[in-house]
S.K.: 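The structure is given below, and queries will be raised subsequently.
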Amino acid sequence: FADGLTEELTQKLAGIRDLKVAGRTSAFVFKGRQESTAEIARTLGVNYLLEGSVRRSGTRVRITAQLLGARDGFDLWSQTFDRNVTDIFAIQEDIALAVARAMEIKLVSADVTRLHHRGTQDAEAYRLYLIGLAYLRGISVSRDLERAKTLFESALAHDPKFAAAYAGIAQYYFKRAFPALIDTERGAQLGLAAADRAVTLDPQSSEALETMANFQAWQYRFRGDFAAYVEAQRNFRRAIELDPSNSLAFFDYGRAQLWHEPDLAKSLFDRAIEVEPLARGAQDLTATILSLEGHPEAARGQCRSWERRSVGNNELCTTVIAMVEQSYGNLDQSILLLRRLRHGENVGLETQLWGSYQSLGDVAAARRALDFGRSDLAKALAAAATLTMEARYEDAFESLQTRPSARGSTRAVRVAAAPASAVRIQPDPGSSGRQAGADRRQAGAGTRYSRSSIARSCERHRARRRAQRDAGARSRCGVGADGS
């Protein structure tokens, strides 16, 4: 409850025009830690800190909040609210208004409207939603998507018109269907329906529009639906316009543009980092762009700089550096980094390690690395990788398409059927990256620059081959051990 309340309060404060607020992910990094006020403020790049505590007993809630100056830790304002839990909406508004007054910020009418915006009038629905939000994000508690979904559904049982709860359910299906590749077709159908319901109930919901855009972007990636891609761009832009503090909207929009317009993607990641100074995903993909544009040293520098200033686990940075080394042929270094990261089941990491061994020509090590994990997806990818090592490339792709657990993985996963030496990024022949991007936008599709482009190219090639077969033409699509 406290984590969800913190997130909602952060969003309300960020809605004040003249107030810059560090995002929830960055702020939660310091929960329970002992850093000084000055150190936290320096890391987040802020001048003030708002801290507090929440205690709930039955129908009563006690919230203590205090605003501190970053340099000296001086208490600028503090107050304790001891009220009925049904007053939670008013408490949030009172805290936000008190902070604005203490910082001598003059509120305009739009600020006041945003502060008083409530997605529901039902306090119990709101409480359930806040707890669900904490489990969905998994920032300061272990992520539990199933529990989050149950809580959102309980919130809707109290208030069937609570748009934010529908948006939460849509996000549940998105996180489950695509990154985890679990039941993608049904997940996309149910998630889109929930997102559409959320937008219908609250057209001003940035989160609902962002989630809708995510599904549309992945429709394009999975199915080549260019109309969905255009709609995704429109909804991403609208989500950002409605809530410039929505760092996920910047990040997800940038991720959707990564292979089309890398310059735009990088600017969006920069904006995400402005809102979330400790946004790991945006930092990592910025390094990825630098690598793809032929600046490996800058990419390494980006990751190392992030490692120096970040708090906590830096495995993502190491993974990105390993990818950079792999892409530029430094396979021994890539393998060293990847082996250092191996613990638990990580399908992406295991396939990347297998690809590095395969590219080195170390068949024995590649075979030993074929244990990608115990999940159905891991087993399906391992089977496809085994077929690839036997030069049975078409069979490898067919196996991924026909196994329910892996259906769609030829697009969504950095395909196991492609060795690392095959994924060195090169621009389209005869055109600059910027012109190629313009050409693709004009055509609505085309060759991309990512590892997953191997899957797309082969899938398109196979479709052409089936069409040509009637005319007697034959061709073959595959990736050899030498990357040809």
Side-chain angles (χ1 to χ4, degrees), residues 176-185 187-188 218 221-224 259 319 322-323 326-327 331 334-335 338-339 342 344-425 447-448 450-466 475-484:
R176 184 175 181 270
F178 294 114
L181 290 174
I182 299 173
D183 198 8
T184 55
E185 291 296 326
W218 281 79
R221 182 173 178 181
F222 272 74
R223 299 174 180 172
W259 311 116
T319 303
M323 184 207 71
Q326 186 186 64
S327 296
L331 298 171
S334 174
I335 289 170
L338 291 170
R339 290 181 65 179
R342 292 181 82 182
E345 183 171 325
N346 185 324
V347 177
L349 193 69
E350 297 298 337
T351 55
Q352 195 173 349
L353 182 61
W354 170 81
S356 292
Y357 283 129
Q358 180 81 338
S359 295
L360 274 177
D362 191 338
V363 177
R367 290 197 182 280
R368 288 195 299 272
L370 278 171
D371 183 7
F372 294 163
R374 295 181 299 276
S375 69
D376 289 343
L377 175 61
K379 292 174 182 176
L381 290 172
T386 301
L387 291 169
T388 299
M389 294 182 72
E390 298 169 359
R392 296 167 59 188
Y393 309 113
E394 290 293 336
D395 291 340
F397 281 102
E398 289 292 345
S399 73
L400 291 175
Q401 291 286 12
T402 55
R403 294 186 67 158
S405 61
R407 190 168 294 138
S409 59
T410 53
R411 284 181 178 271
V413 175
R414 301 185 189 282
V415 183
S421 59
V423 299
R424 176 70 184 269
I425 308 303
T447 304
R448 302 189 188 180
S450 69
R451 285 180 169 87
S452 56
S453 67
I454 296 169
R456 287 193 193 86
S457 297
C458 283
E459 195 164 306
R460 286 195 296 269
H461 191 97
R462 287 169 54 204
R464 287 196 299 270
R465 188 184 67 174
R466 286 192 293 269
S475 60
R476 180 174 184 177
C477 176
V479 182
D482 61 351
S484 60

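Just so it is clear, the model here is predicted, and its values are computed rather than measured.
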S.K.: Give me the atom names and distance for the closest heavy-atom approach of Q326 to S334.
M.R.: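 Q326 and S334 have their closest heavy atoms at CB-OG, 3.5 Å.
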
S.K.: With the side chain counted from C-beta on, respond yes when E390 and D395 share a heavy-atom pair under 4.5 Å apart, and no when they do not.
M.R.: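 With C-beta onward as the side chain, the pair stays apart.
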
S.K.: Any side-chain to backbone donor/acceptor pair from S359 onto S356? Under 3.5 Å, distance only.
M.R.: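 Here the side-chain-to-backbone pair does not exist.
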
S.K.: What is the distance from atom CG of L353 to atom CZ of R368, rounded to the nearest 0.5 Å?
M.R.: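 Going from CG on L353 over to CZ on R368, the span is 10.5 Å.
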
S.K.: Between R221 and W259, is there a side-chain heavy-atom distance shorter than 4.5 Å?
M.R.: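 Side-chain contact under 4.5 Å: no.
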
S.K.: Can you measure from CD1 (I335) to CH2 (W354) and round to the nearest 0.5 angstrom?
M.R.: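 I335 CD1 to W354 CH2: 12.5 Å, rounded to 0.5 Å.
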
S.K.: Of the non-hydrogen atoms in M389 and L370, which two are nearest, and what is the gap between them?
M.R.: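 What the structure gives for the nearest pair is SD-CD1, 4.1 Å.
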
S.K.: Quick one: OG1 on T388 to CD on E394, what's the gap to the nearest 0.5 Å?
M.R.: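 If I round to the nearest 0.5 Å, the distance is 10.5 Å.
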
S.K.: Could you report the tightest heavy-atom contact between A366 and Q358, atom names first, then the distance?
M.R.: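 Looking at all heavy atoms of both residues, the shortest contact is CB-OE1, 3.9 Å.
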
S.K.: Grab the two heavy atoms, one from A365 and one from Y357, that are nearest each other, plus how far apart they are.
M.R.: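 So the minimum-distance heavy-atom pair works out to CB-CD2, 3.4 Å.
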
